[in-house]
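Worksheet: the structure to be examined is printed underneath.
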Number of protein chains: 2
Amino acid sequence: MNVRLMHTNEKIAAVFAATLKLIHTNGFHGTPMSKIAQESDVAIGTIYHYFPSKDDLIFALFKHCRSILNDYIFDGIKEDFDYKASFFHVWRNFVQFYLENGRIFSFFEQFFSSPYYEKNKAEIQEPVGGQNKVLDFLQEGIDKKILKQVNVHLLVASYIGVALSTVHSIKFKDLHFSEQNMQELMEIIWDGAVNRNKNN
Amino acid sequence: MNVRLMHTNEKIAAVFAATLKLIHTNGFHGTPMSKIAQESDVAIGTIYHYFPSKDDLIFALFKHCRSILNDYIFDGIKEDFDYKASFFHVWRNFVQFYLENGRIFSFFEQFFSSPYYEKNKAEIQEPVGGQNKVLDFLQEGIDKKILKQVNVHLLVASYIGVALSTVHSIKFKDLHFSEQNMQELMEIIWDGAVNRNKNN
DNA sequence: TGCAACCGAATGAACGTTCGATTGATGCAC
DNA sequence: GTGCATCAATCGAACGTTCATTCGGTTGCA
């Protein structure tokens, strides 16, 4: 059973990898099942053995990628980090993840902007890329009076919004990734989010 | 000729409107030329009379929508506005435009996240939604030492990024549009962007 | 008369999905 | 330990549908 399961996983992993690659380069459009089969070296019949339909495949791939992202962004937070250090660290991880996983970024962008997402939103529960963990983290900052005393979703929109458009800018060469740029961006968000009625 | 041009415009306008509507509800995927023809009451042959291919139609629609956006966001700036007031005003217009034109927002999101955009980026010149006018405006703030002395693209990413994710949050019901929320968001961006070494 | 605007049935390619066949591992009966 | 039944995993040709695009024809203004 162990061997069989591994084998299974290899097939599925190959299908996921091929789908991600094809969607990244050709888009949702230019990614027919036939090409996924070809690219992954898994027969079409086999893909349909695991996924009832193309939509189910895409959906499963989404969940798979999201869990990878979730594992990544809160990784490496040290006990001795104060809130600001964690604020910077998570944001940086978020940007770094997407830069290192351009195919996932591409896939997410397309997934979230398709009506496909809109239709299955109820089932997806968690919003964009680990945002509810982010939401909890930002709520903590509000509760501790470190961040502005506003609706947490305003801060989420700022925190995530700037990260996403930063990755976008880097991807399309308007901006280049450098330590200084990241530092300055984090300061922009921090200065915007921080509670100015209480110095910390 | 005037009449003919008007007639032409009516057909094209109907095609544009139908395409926008279909892409909004069914996505890039579920928008075949046949349905565009049906929805717009323009024969397929006629559409192909004006646009050599479906890609050309999408491309033309994109340029059309972008010019509408550009006209909109810098509208209503009064002579007596100081920089901060303009900063707020433009951002608000930006958000408001997308909220009032949900179909265009949908279309842009899908357009920019498709490899279609990536491939034609060179021809598009102007980046996302009037960003170069925005870029000039933010550069002005840097030059006047009102905004942080950083690469202007960092500020563009913040300014636009927060606006887009705000619209997204409102669209997907995480956030509701209210005067207070908009005010607080603008303050978040302003506090982040402003040059804190020089009080103004 | 010429030409741009307009039409929609027809075409051929491409797509998602199905299905019957094959393989090999597992478990049960004897 | 041998024979047999079962079943998940695998395969890819074939199917029916849907798509972007073409083209031959009509209309009506200049």
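Quick note on labels: first sequence line is chain A, next is B, and so on, each numbered from 1.
- Rounded to whole Å, atom C1' of C:dC15 lies 15 Å from atom CG of A:Leu22.
- Distances were taken from every side-chain heavy atom of A:Ser34 (C-beta onward) to each of C:dC15, C:dC6, C:dC7; the shortest belongs to C:dC15.
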Practice item. Quick one: do B:Phe112 and B:Phe62 satisfy ring-ring contact (aromatic ring centres under 6.0 Å, His included)? Show the steps, please. Key: CA-CA 10 Å; B:Phe112 284 118; B:Phe62 165 70; 5.5 Å; yes
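- For the pair B:Ile58 CD1 and D:dT21 P, the interatomic distance rounds to 11 Å; values are reported in whole Å.
- The phosphate of C:dC7 has OP1 or OP2 within less than 4.0 Å of a side-chain N or O from B:Thr46.
- Listed candidates were C:dC7, D:dA20, D:dC11. Nearest to the side chain of B:Pro32 is D:dA20.
- Between A:Tyr50 and A:Leu57, every side-chain heavy-atom pair lies at or beyond the 4.5 Å cut-off.
- Here the P atom of nucleotide D:dA20 and the CZ atom of B:Phe59 are 19 Å apart, to the nearest Å.
- Between D:dC11 and A:Lys11, a contact under 4.0 Å exists linking OP1 or OP2 to a side-chain N or O.
- Between A:His49 and B:Ile44, the one whose closest nucleotide on DNA chain D sits nearer the 5' end is A:His49.
- Of all nucleotides listed (C:dC7, D:dA9, C:dT17), C:dT17 comes nearest to the side chain of A:Met33.
- One atom, CG of B:Asp41, and another, P of C:dA5, lie 19 Å apart when rounded to the nearest Å.
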Check your understanding: What do the steps show when you test B:Lys148 against A:Glu184 for salt bridge (charged side-chain N to carboxylate O under 4.0 Å, His left out), and what is the final call?
Key -> CA-CA 9 Å; B:Lys148 285 193 166 85; A:Glu184 286 174 350; over 6 Å; no
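- Looking at the side chain of B:Tyr48, the nearest of the listed nucleotides D:dA9, D:dT21, C:dC6 is D:dT21.
- What separates CD1 of A:Ile12 from P of D:dA8 is a distance of 15 Å, to the nearest Å.
- Regarding B:Gln38, its CD atom lies at a distance of 11 Å from the P atom of D:dC19, rounded to whole Å.
- Look at OH on B:Tyr50: it is 9 Å from P on C:dC7, rounded to the nearest Å.
- Atom-to-atom, CG of B:Asn26 to P of D:dT18 comes out at 14 Å; the value is rounded to the nearest Å.
- In this structure, the side chains of A:Val162 and B:Val162 come closer than 4.5 Å at one or more pairs of heavy atoms.
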